[in-house]
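Worksheet for the structure shown next.
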Amino acid sequence: QELALNSEAALAHYRVATGLGHEDPPVWRRMGNLALGLGDLDLARGCFERALSQQASDPELFFGYGCLLDLEGELSGARQAFDAAIAIRPTYDDAYFRLAKVLRALGDEAGADAASAQFDHWNAVDQALAEARRHVRMHPDDAEGVRAVGLYLFQLQRAEECTEWLQRA
């Protein structure tokens, strides 16, 4: 209940910002995500479509839009949105998870199994990264631990962070 109140308050702030003429696609994406979380599907659709009309390179925007389309039963559109998110960020584990669900609903078992395998792979890398970061917080002088964080970031194609961590090692 507290989360819903916080989401409603955040949504109200975004409405003020967009009413003041903000055309920043990430603002519209965040507002769409909040509206989706609160169950306002019409507002979510409007926000996502507004953002998509201005920016087609944000994987999280396509992911949110795909989730909306999935909820509305527009499975072909959801598939396209999740495919677009993955095309932009091939390591996007949550997009693979949702894509597998949609593909299964569309009757594409082989595609769903392949997407599920990708989810498992990238999710395992994310988990290993989280564990390596925890280890480095406990042992900041462990060069091998710092190097491991950098290598996991490299696998996840997060070049800037990867470089920072590998320079620390």
Contact summary for [X] and [Y], nearest pair of heavy atoms:
X	Y	value
Asp126	Leu156	OD1-CD1, 3.3 Å
Phe82	Cys67	CZ-N, 3.5 Å
Ala44	Ala35	N-CB, 3.7 Å
Leu41	Glu72	CB-OE2, 3.7 Å
Val102	Ala78	CG2-CB, 4.1 Å
Gly32	Phe48	C-CZ, 3.5 Å

A side-chain contact here means heavy atoms from C-beta on lying under 4.5 Å apart; do [X] and [Y] qualify?
X	Y	result
Asp42	Asp40	yes
Met31	Arg50	no
Arg158	Leu129	yes
Arg98	Asp93	no
Leu36	Leu71	yes
Arg29	Cys47	no
Asp83	Phe62	no
Asp58	Ile88	no

[X] side, atom [atom1]; [Y] side, atom [atom2] - distance, nearest 0.5 Å:
X	Y	atom1	atom2	result
Arg168	Asp141	CZ	CG	9.5 Å
His121	Ser116	NE2	OG	13.5 Å
Asp94	Leu99	CG	CG	12.5 Å

Is the distance between the ring centroids of Tyr92 and Phe63 less than 6.0 Å? yes
With ring centroids as reference points, do Phe97 and Phe119 lie under 6.0 angstrom apart? yes
Would you sort out whether Glu161 and Arg133 count as a salt bridge (charged side-chain N to carboxylate O under 4.0 Å, His left out), showing the intermediate values? CA-CA 12 Å; Glu161 277 184 280; Arg133 284 182 190 233; 3.0 Å; yes
If you group Ile, Leu, Val, Met, Phe, Trp and Tyr by side-chain heavy-atom gaps below 4.5 Å, do [X] and [Y] land in one group?
X	Y	result
Val149	Phe154	no
Tyr65	Leu38	no
Leu166	Val125	no

Would you confirm whether Thr163, through its side chain, and Ala159, through its main-chain N or O, come within 3.5 Å as a donor-acceptor pair?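 A pair under 3.5 Å: yes.
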Are Trp165 and Arg147 close enough, and set up right, to give a side chain to side chain contact (heavy atoms under 4.5 Å, CB included), and what steps lead you there? CA-CA 7 Å; Trp165 279 90; Arg147 184 175 175 277; over 6 Å; no
Is it true that, when you exclude Gln157 itself, more than 12 heavy atoms of the residues, nucleotides or ligands shown sit nearer than 6.0 Å to its CD? yes
Go through Arg89 and Glu60 one step at a time and tell me if the side chain to side chain contact (heavy atoms under 4.5 Å, CB included) criterion holds. CA-CA 9 Å; Arg89 186 189 309 153; Glu60 293 183 18; 3.4 Å; yes
Testing Arg79, Arg45, Gln80 one by one against Leu69 for a side-chain contact (heavy atoms from CB on, under 4.5 Å), which residue passes?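 Single pass found, and it is Arg45.
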We want to know whether Trp122 and Gln118 form a side-chain donor-acceptor pair, criterion being a heavy-atom distance below 3.5 angstrom.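 Indeed, the side chains of Trp122 and Gln118 share at least one donor-acceptor pair under 3.5 Å.
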